[in-house]
Enquirer: 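What follows is a structure written as structure tokens; I'll ask about it next.
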Amino acid sequence: MLGTNKFRPKFKGQKGILPLSSSFNRIDNFKRYRSGIIIIGLLILWFLFDPYTNIRIRLYSKSAFTLPPAHPLTSKNVIPTNSKYIYPAVEKSNLLVQLGLNKLFKVTDIRDAKAPDVEQIVVKSLNYFDDVNEAVQKAKEEEENASSELEKVKNNFKNHDKVVYTPKDKNKYPEVVIVTALDFEKYSNGDLVNLVQNRIDYAFQQDYGLYVRYYQEFAPVFNSVKFMKKSEEAKWARIFALRAAMFAFPKAKWFWYLDQDSLIMNPTINLKQYLLSPEALSPVMLREKSIIPPDGLIKTYKNSNAEDMRIIITQSDSKLETYSFLVKNDYLGKCIIESWSNHLFRSYGNFPFGPDSALTHALQWHPYILSKTAIVPARTIAAQQTDVDISDVTNGQQGDHIHYNKGDLVVSWSDCQDTAQCQQSLKKYFDLSKSK
Amino acid sequence: MSTNRAFRVPQSKGGLTPEEAGDWEKNLSHDEYSKSYKPARKGSLQSSVRRALQIGQDLILKNKKMLLGVMTLLFLSLFTTVPIVPHFGSSDPKVVIVLAANEGGGVLKWKGPQEWSIERSSIANKKHYAKLHGYGLTIKDMTTKKRYSHEWRESWEKADMLKQTMRQFPNTEWFWWLDLHTYIMEPQISLERHFLNNLDNETYRSLETFNPLGLPTDLPYIDYKMPIDMIITQDCGGFNLGSFLIRRSEWSELLLDIWWDPSMYEQKHMIWEHGEQDALEELYSSQPWIRERVGFLPLRKINAFPVGACSESSDDDRYFYKPNDFVVNMAGCQWGRDCWGEMEHFKAFAKKLHKPWWKFW
């Protein structure tokens, strides 16, 4: 208490010249209590919101995202469309055959100085040579398109990679998108039109989206113009088509990859109620089912939760099949698809069935992926065609959970041996689907 | 204490009439009488405190068993980590430091006194740092194990250890992996202040600016708006995983699962010199999803090198420790350099840097 006397007001009891304002009565109170409370309050606010760090971040932040936006496989640009049915001009596919892959891509021979005998090629998409200025490029293409039909087909072919669905009304986004890869060398343009028409009919009825690509469009990924000759290797294009679809429909909830050798036979089935909702999936998914049928050592989990599933896939009698499968379009689903398409999986010699073997391998070695994958009976989304009439075979007999029967969602002839046989199957089932 | 008791004044006879009592109380409250004892006034602070104490005491004496139960629960909750009982106060740490110790574990050769000393210093250093900022610390035994024995496969033990730690600390967000031969030189800096609170500006996401490996700088489909889930550094030879952070997320779970894959390993193990480091580089160079969530810090931010490491670019300022750098990593000291000597040097240097100004001895 040293010196407290000094700080006491000196004119205690004396009156000032002016009378005190009535509101000054509480000035003493204010000084003693309010100021204390205010200071404590400010300190608490400071502690809670830490303005120093916030201010520092504002002051020192570089412009937030100077990083490039996501871009499609072969180009830096996108072409927005408001149609939810994205497919190439399949009716002109005969012109693509006429052009050939050597003209649809830029193919360069290179020779490595270290190994001059080995002939190497680099396959680049024509998008690579686009003008940086989009407007200039567009004008140039319009000019080319007017000049000849072949140029138009060529430009369409290369630009198809850039198409992204940008709806006018965001509430009408399709929940499910059907993805198909087509081989224009296998089916004639008439057949391709039928294949696409079948999917559009279904997508229209169920309010889904459609995304169709050519297998051949992914030649730069394989860096080869002959990859379609090896059918198992060509299968990899499915995964890349699916990844491209995820880019084209970023807000869809599910993607259904359905290969070209299949038709949708029962368009009344709503996938959401049929398989995608957890209540529907949970009773159907096969638990403790060997990844490699019939008795592989690694099995799906017993207690897995239907809500966690990112991939829904089917098996034939001997292996996993990738001609029809479903992928959830959330972050993890996308990550799994990308790691599935890893180039080291593609180059690995011990994967005889391409992506089918790679997924089998991934499920057997990576428990996290296994815990996000559901195996369902083939007849749900991937019923195989058969020449044997199985309609009267009783339950539990060999084949009835795999083969197509009337009323099933899909019929698939992915096991057809040659092009003629495949075309024949397509014709048979297309007529069947129309007759109903 | 009962309040309606009549007081007896010694000189009066018999009880007081209420009126007299009133007078008496008036007299008592008189100023002149204030020096002597007087009954506690109703509602005074002293009496109410005493009253409250009395009630408390009564309650305790009546419910001894209940009290014992409550005390036991409190003890378990505050001072132990037993399950079922809710724990207050001991919230989970935001960052857990994972320290790899006992590398090789004396399997291939005897662990000498210098190795023991390095381990002691390194562990003490991280313990001190973790305690200072309330971080968790877990020390992982990296003994050579048979299942990692082929070629360089042992370096993938890292991924398994991280998975294990994530299970061990189920609510922690960030995990900071540190090799044994690291030393935190500036323990007063918290990771939050250092970079975690301002990740987007402290890190760089694409390799345009600094790309020692010459990896492709652009891949399709990369969405850089994703949050950063892994923070690593690059030295002169590429990625360095001597000191890195990883965040718990679906992404990191998938990465830790896919990091070691037998088919990739079979194709590349003769080419990959540093096991998991090269595997990550491989994934980074071809997989968009990996790129999206990896952020890079400048090497000196969490992983400065001593002179001697990265000897081929010894004039590059970006790699080598300068006073006041956060962490030093004596990378590669076990190959032809003196780990113990370097560790002792940095230990002494840190001590010197943090000597208070008033200490002359």
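Everything numeric here is computed off the predicted structure, so don't read it as measured data. Chain identifiers are assigned alphabetically (A, B, ...) following the order of the sequence lines, protein sequences preceding nucleic acid strands; residue numbering begins at 1 within each chain. Note that these values count all heavy atoms, side chains included, but never hydrogens, waters or copies made by symmetry.
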Enquirer: When only pairs under 4.5 Å are counted, which of A/Cys335, A/Ser75, A/Ser347 shares the most heavy-atom pairs with chain B?
Expert: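 Among A/Cys335, A/Ser75, A/Ser347, the one with the most close pairs to chain B is A/Cys335.
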Enquirer: Sort B/Leu254 into side chain, backbone, both or neither according to what part of it lies under 4.5 angstrom from a heavy atom of chain A.
Expert: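 For B/Leu254, the contact with chain A is made by backbone and side chain together.
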Enquirer: Verify whether one side chain among A/Arg346 and A/Tyr348 offers a donor that lies under 3.5 Å from an acceptor in the other.
Expert: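 No, because no side-chain N or O of A/Arg346 sits under 3.5 Å from a partner of the opposite role on A/Tyr348.
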Enquirer: Whether the side chain of B/Asp235 engages the backbone of B/Gly238 through a donor-acceptor N/O pair (distance < 3.5 Å, no angle test) should be reported.
Expert: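 Present.
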Enquirer: With only heavy atoms counted, which part of A/Lys372 is less than 4.5 Å from chain B, the side chain, the backbone, both or neither?
Expert: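 Nothing of A/Lys372, per the 4.5 Å heavy-atom cut-off to chain B.
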Enquirer: Let me know if A/His361 has heavy atoms under 4.5 Å from chain B in its side chain, its backbone, both or neither.
Expert: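 For A/His361, the side chain is the part near chain B, not the backbone.
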Enquirer: For the ring pair B/Phe239 and B/Phe244, is the centre-to-centre distance below 6.0 Å?
Expert: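 Distance test on ring centres: not under 6.0 Å, no.
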Enquirer: Does B/Phe296 have B/Arg205 sitting over its ring (NZ/CZ under 6.0 Å from centre, angle to axis within 45°)?
Expert: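 Because its charged atom misses either the 6.0 Å distance or the 45° angle limit, B/Arg205 does not stack over B/Phe296.
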Enquirer: Select one option (side chain, backbone, both, neither) describing which atoms of A/Tyr368 are under 4.5 Å from chain B's heavy atoms.
Expert: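 For A/Tyr368, the contact with chain B is made by backbone and side chain together.
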Enquirer: Decide whether a cation-pi geometry holds between A/Lys124 and A/Phe105; the criteria are a distance under 6.0 Å from NZ or CZ to the six-membered ring centre and an angle within 45° of the ring axis.
Expert: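 Verdict for A/Phe105: no cation-pi partner in A/Lys124.
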Enquirer: Among the options A/Ser339, A/Pro69, A/Ala70, pick out the one with the most heavy-atom pairs lying under 4.5 Å from chain B.
Expert: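 It is A/Ser339.
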Enquirer: Which one of A/Ala362, A/Ala358, A/Ala244 has the most heavy-atom pairs closer than 4.5 Å to chain B?
Expert: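 Winner by heavy-atom pair count: A/Ala244.
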Enquirer: Which atoms of A/Ile337 are under 4.5 Å from chain B, going by heavy atoms: the side chain, the backbone, both sets, or neither?
Expert: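 For A/Ile337, there is no contact with chain B at all, as no heavy atom is under 4.5 Å.
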Enquirer: Could you look at B/Arg293 and say if it's the side chain, the backbone, both or neither that has a heavy atom under 4.5 Å from chain A?
Expert: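 Interface part for B/Arg293: side chain.
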Enquirer: Step through the shown structure and confirm whether more than 12 heavy atoms of other residues, nucleotides or ligands are within 6.0 Å of NZ on B/Lys322.
Expert: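 Atom NZ in B/Lys322 is crowded, with more than 12 foreign heavy atoms closer than 6.0 Å.
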Enquirer: Under 4.5 Å, counting heavy-atom pairs only, tell me which of B/Pro288, B/Ser206, B/Ser249 racks up the most with chain A.
Expert: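 With the most close heavy-atom pairs to chain A, the winner is B/Pro288.
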Enquirer: Quick check for you: among B/Leu219, B/Asp261, B/Asp223, B/Leu256, which has the greatest number of heavy-atom pairs under 4.5 Å with chain A?
Expert: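 Among the listed options, the one with the most contacts to chain A is B/Asp261.
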Enquirer: Using the ring of each side chain (for Trp, its six-membered ring), is A/Phe247 parallel, tilted or perpendicular to B/Tyr221, with breaks at 30° and 60°?
Expert: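 Taking B/Tyr221 first and then A/Phe247, their aromatic rings sit tilted (interplane angle of 30° to 60°).
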Enquirer: Please assess A/Thr74 against A/Asp161 for the test side-chain hydrogen bond (donor to acceptor under 3.5 Å, both in side chains), listing each intermediate value before the final yes or no.
Expert: CA-CA 7 Å; A/Thr74 58; A/Asp161 188 37; 2.7 Å; yes
Enquirer: At a 4.5 Å cut-off on heavy atoms, which part of B/Glu250 comes close to chain A: side chain, backbone, both, or neither?
Expert: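 Both backbone and side chain of B/Glu250 come within 4.5 Å of chain A.
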Enquirer: If the test is ring-ring contact (aromatic ring centres under 6.0 Å, His included), which one of A/Phe240, A/Phe325, A/Tyr257 qualifies with A/Trp340?
Expert: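 Only one option passes, and that is A/Phe325.
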Enquirer: What part of B/Glu292 gets within 4.5 angstrom of chain A, counting heavy atoms only: side chain, backbone, both, or neither?
Expert: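 Contact with chain A involves the side chain of B/Glu292 alone.
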